[in-house]
There are 2 protein chains.
Amino acid sequence: MSTRRSFSSSTAARTLNINNINPHVKEAKYAVRGELAIKSEQYRTQLAKGEGSSLPFDSVISANIGNPQQLDQKPITFFRQVASLVENPLLLEHGDVLQKSLGYKSDAIDRAKKLLKDVKSVGAYSQSQGAPGIRKSVADFIERRDGYSADPDNIYLCAGASAGVNALMNVMLDGPKTGVLVPIPQYPLYTATLSLLDGQAVPYYLNEESQWSTDVDGMRSALKEARKNGIDVRAVVVINPGNPTGGSLDADNIKSVLQLAADEKLVVLADEVYQTNVFEGEFTSFKKCLRELQESKLNENAKFDCLELASLHSVSKGMVGECGHRGGYYEMVGFDPEVVAQIYKFVSIMLCPPVVGQCIVEMMVNPPKEGEPSYDLYRHEYDAIYNNLYERAQALYKAFKEMEGVECQSPQGSMYLYPTINLPQKAHEAAKKAGKNPDDFYCLELLDATGVCIVPGSGFGQREGTLHFRTTFLAPGTDWVSRITAFHSGFMDKYR
Amino acid sequence: MSTRRSFSSSTAARTLNINNINPHVKEAKYAVRGELAIKSEQYRTQLAKGEGSSLPFDSVISANIGNPQQLDQKPITFFRQVASLVENPLLLEHGDVLQKSLGYKSDAIDRAKKLLKDVKSVGAYSQSQGAPGIRKSVADFIERRDGYSADPDNIYLCAGASAGVNALMNVMLDGPKTGVLVPIPQYPLYTATLSLLDGQAVPYYLNEESQWSTDVDGMRSALKEARKNGIDVRAVVVINPGNPTGGSLDADNIKSVLQLAADEKLVVLADEVYQTNVFEGEFTSFKKCLRELQESKLNENAKFDCLELASLHSVSKGMVGECGHRGGYYEMVGFDPEVVAQIYKFVSIMLCPPVVGQCIVEMMVNPPKEGEPSYDLYRHEYDAIYNNLYERAQALYKAFKEMEGVECQSPQGSMYLYPTINLPQKAHEAAKKAGKNPDDFYCLELLDATGVCIVPGSGFGQREGTLHFRTTFLAPGTDWVSRITAFHSGFMDKYR
């Protein structure tokens, strides 16, 4: 075993360098896992190695990313019992031991058998679109949720909603003259994917003052302006419940977006991955609203019949929180079959979504039902996670409301708060001197002082002249919230 | 629950249609899961529903895709035991039951604990590059395999090698003036990805007559020609052992490719996913050959020091065969750190590879060792799979050698044979009449007559005027081989 020479220190010219690679990759921005996240991981490593004695904190709090199981959240037992059985089907030969000694109920065993019948082995490629029985379960779920039928052929399983957005955008866009309306603020997957595909992000601003709702007039003028500038705007992205905003749209708001889309021939991409993270009112899907409009008087000229809607869901969020399993799905309605065939081909090049992730999707949409053996524990765990998130959201909201210069909408949904921060002039000047945006500067100072990692508003977009940050409310305890409030008060005093 | 109207039958104009979507997606070809595969799935569904009585076969044989566990291959017990434990860590509280009643050994339990310490939960996102401990295991494996050290920071875990190729190509290419040398025949992931990215596939032909080896002179002239035509050729893809060819390269052949790459400033993409599927000679990695060249007299002007090599491996192939888990890795050596930072950002947009898949990677590169409790069973299972594949490869090769007009190189590696077929003139005419390539026509007739699904050579590329098909040798039994020989003989008689 030798490394007699140092191969990596060569300074001779390489083939690839920062000036000749794909410029669209360089343009893409993804702050959620950017500079701050990388620095926070370095702090974490330092602490783990016992080399953090010089740091002013003893733990790193990752409030930058919605990753529940990296923090406090335990997986739901039923999901993981079934996953363990599909991973090791030999266990199914020991039903007695499983039930008597290991806490498995008969419905977990039955579910594993059903899933294995569908996929044969979780180590085999499935159909590129996802296993047929799992897609059927998703369709049944959508029908129960909305009261309108869904077709398993229109369901595509994917490696998390991100992979779904990637496939849809890849097919939909045709270079720099094509564009997509994206909300500001937005989860940066959308602008990053548009950068990669050399498409145009056409921003529309959400109404912060009314719980980050969607302003259709604003969307319409953004659209008009973009089209005037020669951009072929083809789609509109709506994230509901909102990321990073935490807002939750009502049916009227959703229908007004669908009206706009039908009038203006826009495909609707409905990112509904937070559909169970709702704290005020209840979730209404774009699909349900579309079906209602299709049946309504408003559809007299059939304008809603050919509206193309893709709605996305994921196992990463909600009370499931199984990010690492990379599971999700999208339902496409109204799409031209020839376009769907191209989407099929596109996803087939990557073969198939992870099959265990597909199984988790099945359990998410078809959890134990009342009366079934695993139901009580499932319900208990689910409710505990929900209540926990609710309480943390409220505590964080309360803390933000009391902080000087901070304004925050009440938590309606998703896993995030996105407060406005008003910083003193001297803080702006200090940021400028450091070559940073003021919100980047603030978040970096917070990380360095407290170990709490959040994401500056610049990573999601914000109205000119405003500053925000996004934080999850997943981290356990209240200590980290106190770290933020203490830091904030010191920061304000320092730059007052 | 109502569908009073038929929403999908609308003929009104949609936003997206086949004429306005991304033309690069339309151009992409991926025959492995194309028309024939889709038709074979329809036959399978028909048979499963008991509606296949009119068909001239009673089962569909998927010899089109390297998907071992969809056919006969059983997963390796150790891998799946550990996977079941990381899925349901509560089982770890019952070590006694696991060992006394369920066949788990202590090293499986220890491994699960070690993996969980690294990833915390398989439901949590890992680092975008992959969990640090798993990357360390991969680096150790490479060092044991090659006798040269590897750096965990240079290892990127990915959702199967396909995702790795996708990331590397995305960063590497910059539009239609940039190109990559790809072997013909090739696994169509490469040409499909180049189509998607609007890059140029610059074909070089493999030497069929000498076991599909790499002809460096041919590569050099293909490169010269492409550069003369203004293409900025940046990389060369080598698949070793070969897909679809089944060839296996020796160290001299590999070093001659590296020489060319160093002289001509090409990044080397070494697809080594079949590195354990070797039946003749032994596998030598590009990395090892590169390190040897770097230490040799040939490196006097240091030309090998800055050679950029990315080598890919996967859990989908070999004796592991865990396709559905979507696990793999690539090691990058010699890359500019600024370029690597862009690759990091690119992969971070999709968050992380499936975490259970990452765990399977860890076990693939670090299986039970001699003397450890799970070793004997592991060894037994591994050898049985290997021998089984070897025997099937030989049987198929023997059958092909006896078929009229068929020529086949002996099976050296991978999971495929890629024989030449010489078809009578009348068959060419019949194909033309049907609007098909002759090899497409042959494979379609084979599927319709026998239920055996293989992939025509047109899906991988072949020299003008030659015809081939690719078949895996994964399907159990010999019945399906007889179906092919009987069909072939009838086909030849029909068109003689």
Side-chain angles (χ1 to χ4, degrees), chain A residues 1 3 7 10 12 14-18 21-22 25 30 33 67 69-70 75 80-81 83-84 87-88 94 97 101-102 120-125 128 147 149 162 170-171 173-174 192 234 265 267 294 302 305-306 308 322-326 336 338-339 342 345-346 348-351 354-356, chain B residues 1 3 7 10 12 14-18 21-22 25 30 33 67 69-70 75 80-81 83-84 87-88 94 97 101-102 120-125 128 143 147 149 162 170-171 173-174 192 234 265 267 294 302 305-306 308 322-326 336 338-339 342 345-346 348-350 354-356:
Chain A
M1 310 286 154
T3 42
F7 301 114
S10 167
R14 295 184 174 94
T15 303
L16 300 177
N17 62 64
I18 196 70
I21 59 171
N22 186 346
V25 172
Y30 190 70
R33 293 203 157 199
N67 191 7
Q69 294 188 24
Q70 192 61 35
R80 295 303 199 88
Q81 285 181 334
S84 70
E87 281 290 1
N88 188 9
H94 304 274
V97 179
S101 308
L102 300 172
K120 182 158 180 183
S121 163
V122 294
Y125 295 125
S128 296
S149 68
S162 305
N170 257 281
V171 173
L173 290 168
D174 179 16
R234 298 175 162 200
K265 287 274 164 221
V267 178
Q294 285 171 332
D305 285 12
C306 55
E308 295 138 274
E322 294 283 2
C323 309
H325 275 104
R326 314 307 300 121
D336 187 313
E338 286 185 311
V339 173
Q342 294 297 319
K345 182 180 65 185
F346 180 84
S348 79
I349 297 170
M350 289 289 122
L351 299 165
V355 177
V356 184
Chain B
M1 309 285 155
T3 41
F7 300 115
S10 167
R14 295 184 175 95
T15 304
L16 301 177
N17 61 63
I18 196 69
I21 59 171
N22 186 346
V25 173
Y30 191 69
R33 292 202 160 202
N67 192 6
Q69 294 188 24
Q70 191 61 35
R80 294 304 199 86
Q81 286 181 335
S84 69
E87 281 290 3
N88 188 10
H94 304 273
V97 179
S101 308
L102 300 172
K120 184 160 179 178
S121 163
V122 294
Y125 294 124
S128 296
E143 179 163 337
S149 68
S162 306
N170 256 281
V171 172
L173 291 168
D174 178 16
R234 298 176 162 201
K265 288 273 164 222
V267 178
Q294 285 172 333
D305 285 14
C306 55
E308 295 139 273
E322 294 283 1
C323 310
H325 276 104
R326 313 307 301 120
D336 187 314
E338 287 187 310
V339 173
Q342 295 296 319
K345 183 179 67 184
F346 181 84
S348 79
I349 297 169
M350 291 289 124
V355 177
V356 183

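Keep in mind it's a predicted model, so treat the numbers as computed, not measured. Every chain is numbered from 1 and lettered A, B, ... according to where its sequence line falls, protein lines coming before strand lines. Every heavy atom of this structure was used, including side-chain atoms; hydrogens, water molecules and symmetry mates were not.
To the nearest 0.5 Å, atoms NZ (B:Lys120) and CD (A:Gln69) are separated by 9.5 Å. Interatomic distance, NE2 of B:His325 versus CZ of B:Arg80, reported as 5.0 Å (0.5 Å rounding). To the nearest 0.5 Å, atoms OG (B:Ser121) and CD (A:Gln70) are separated by 8.0 Å.
The candidate with the highest count of non-hydrogen atom pairs below 4.5 Å against chain A, out of B:Val355, B:Val171, B:Asn17, is B:Val171. Contact count versus chain B (heavy atoms, under 4.5 Å) is highest, among A:Val267, A:Asn88, A:Val339, for A:Asn88. With respect to chain B, the highest number of heavy-atom pairs below 4.5 Å among A:Glu338, A:Lys345, A:Gln81 belongs to A:Lys345. Top candidate by heavy-atom pairs under 4.5 Å with chain B, chosen from A:Asp174, A:Asn170, A:Asn67, is A:Asn67. The candidate with the highest count of non-hydrogen atom pairs below 4.5 Å against chain A, out of B:Ala83, B:Gly324, B:Ser101, is B:Gly324. Contact count versus chain A (heavy atoms, under 4.5 Å) is highest, among B:Gly123, B:Ser162, B:Pro75, for B:Gly123.
In this structure, the side chain of A:Ser128 engages the main chain of A:Leu351 through a donor-acceptor pair within 3.5 Å. Side-chain atoms of B:Arg326 never come within 3.5 Å of backbone atoms of A:Pro354 as a donor-acceptor pair (strictly under, hydrogens ignored).
With a 4.5 Å cut-off on non-hydrogen atoms, B:Gln342 touches chain A through its backbone and its side chain both. Heavy atoms closer than 4.5 Å to chain A are found in the side chain of B:Val97, but not in its backbone. Interface residue B:Leu173: only backbone heavy atoms are found under 4.5 Å from chain A.
Smallest separation of non-hydrogen atoms from A:Tyr30 and B:Ser348: CE2-O, 3.3 Å.
Between the side chains of A:Glu308 and B:Thr15, at least one donor-acceptor pair of N or O atoms lies under 3.5 Å.
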